[in-house]
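Some notes on the structure that comes next.
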Amino acid sequence: MKQWISTTLAVAVLAMPAFSQTAEQLMERARLAATLQQADLTGNISGPGGKTNVALFLKGKNIQFQFLENKKWVPFHLRLGGNQFDLFEFKDGKTLRFPNEKLRQPIAGSDLTYEDLSFRFLYWPKPSLLGDERVGPHNCYKIRVNNPGAGGAYSVVYVWVHKEFGAFMKIEGFDRNGTRLKRFEVDGVMKLSDGSYTLKEMTVATMNGDRAASRSKLRFDKPTRTAPGGGPR
């Protein structure tokens, strides 16, 4: 059965020069990509569990995503603005916060969890700018963010932000014991009609020390306009 799972990966990539040097401003640029993105994205996740179609759309100040389960769309959303970074789901007409254990749940047998797909750690407060570091050919700022007690798998996350675009190029998440759990690496971006850039392809690896135990690929097609529930706008 095909599943459509949307994600907030447009948080990652927007072509905006990173003139500001503070960690707060750099992280804000990465987050702004979600609210400024004008086109919905469709694509797929391919990983150990097979290939799964994906989609993303915006609704007001929320990024909404959903997956199809038993022929029924199940919606979720990430609340944007201020210091909000929590995931919510809809049940019986009510909006409920995700339980911590569900944040770690893999999506469709892939290496991405709900926590990963939402990139909620980009909203953690008090980021620290550690300095400059290259990611392949890209000049980046390296930023550290600590979990403020918001649950999930990660205690510390490092984010490498592109100096020119103000977009992340790599993310690594660690648990409270200092074990590296996950690595996200941007493999390609695509230019949109408004001149901005968004994610085209990314590799997400579940780590075993310095080695990848398994990998999944996230790929997006050229942007299209979709509506909640997967239909056209």
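- Taking D92 as the reference, nothing meets the salt bridge (Lys or Arg N to Asp or Glu O under 4.0 Å) condition, with sequence neighbours excluded.
- How far CG of L103 is from CZ of F98: 7.0 Å, rounded to the nearest 0.5 Å.
- Residues M27 and V145 meet the side-chain proximity criterion, which asks for heavy atoms closer than 4.5 Å.
- The closest side-chain heavy-atom distance from Y141 to D132 is below 4.5 Å.
- Residues I171 and F119 form a side-chain contact, since some pair of their non-hydrogen atoms from C-beta on lies under 4.5 Å apart.
- The heavy-atom pair separating P48 from S216 by the smallest distance is CD-OG, 3.4 Å.
- Remark: the backbone N or O of N177 is paired with a side-chain donor or acceptor of D175 at under 3.5 angstrom.
- The shortest side-chain heavy-atom distance between E115 and R120 falls under the 4.5 Å cut-off.
- In the hydrophobic clustering of this structure, Y123 groups with Y158; members are Ile, Leu, Val, Met, Phe, Trp, Tyr whose side-chain heavy atoms approach within less than 4.5 Å, directly or through other members.
- Taken to the nearest 0.5 Å, the CG atom of D116 stands 12.0 Å off from the CD atom of Q105.
- Between the CG atom in L181 and the OG1 atom in T206 there is a gap of 8.5 Å [rounded to 0.5 Å].
- Taking the centre and axis of the six-membered ring of Y154, the NZ or CZ atom of K182 falls outside the cone set by 45° and 6.0 Å.
- Taking CE of M169 as the reference point, atom NE2 of H162 lies at 5.5 Å (rounded to 0.5 Å).
- A distance of 11.5 Å separates CD of E89 from CZ of R97, quoted to the nearest 0.5 Å.
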Going through the distances and angles, do V157 and W124 end up as a side chain to side chain contact (heavy atoms under 4.5 Å, CB included)?
CA-CA 10 Å; V157 171; W124 290 351; 3.8 Å; yes
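- Residues I45 and S110 come closest through the heavy atom pair CG2-CB, 3.6 Å.
- Partners of R219 under the salt bridge (Lys or Arg N to Asp or Glu O under 4.0 Å) rule, at least two apart in sequence or in another chain, are E201.
- Comment: K217 engages D187 in a salt bridge, judged by a side-chain N to carboxylate O separation of less than 4.0 angstrom.
- No donor-acceptor pair under 3.5 Å is formed between the side chain of N208 and the backbone N or O of A212.
- A donor and an acceptor atom, one from each side chain of S155 and N147, are nowhere located under 3.5 Å apart.
- Between K102 and Y114, the shortest heavy-atom contact is O-CD1, 3.3 Å.
- Scanning both residues, E24 and K126, for their nearest heavy atoms gives OE2-N, 3.6 Å.
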Test log, rule side chain to side chain contact (heavy atoms under 4.5 Å, CB included), inputs L129 and L26:
CA-CA 9 Å; L129 180 58; L26 291 170; 4.0 Å; yes
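- Inter-residue side-chain proximity for P127 and I143 is flagged as met; some heavy-atom pair is nearer than 4.5 Å.
- Under the 4.0 Å criterion applied to side-chain N and carboxylate O atoms, R183 and E172 are assigned as salt-bridge partners.
- What you find for T52 and A108 is that their closest heavy atoms are OG1-CB, 3.2 Å.
- For the pair F168 and M202, the minimum side-chain heavy-atom distance is below 4.5 Å.
- Between R180 and M207 the shortest heavy-atom distance is O-CB, 3.5 Å.
- V156 and W160 fall within a single hydrophobic cluster, where Ile, Leu, Val, Met, Phe, Trp and Tyr are joined by side-chain heavy atoms under 4.5 Å apart, directly or via other members.
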Give the C-alpha distance, both sets of side-chain angles, the deciding distance and a yes or no for side chain to side chain contact (heavy atoms under 4.5 Å, CB included) between V161 and C140.
CA-CA 5 Å; V161 178; C140 297; 5.8 Å; no
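- Summarising the geometry, atom CZ belonging to R104 is positioned 9.5 Å from atom OG1 belonging to T113; distances are rounded to the nearest 0.5 Å.
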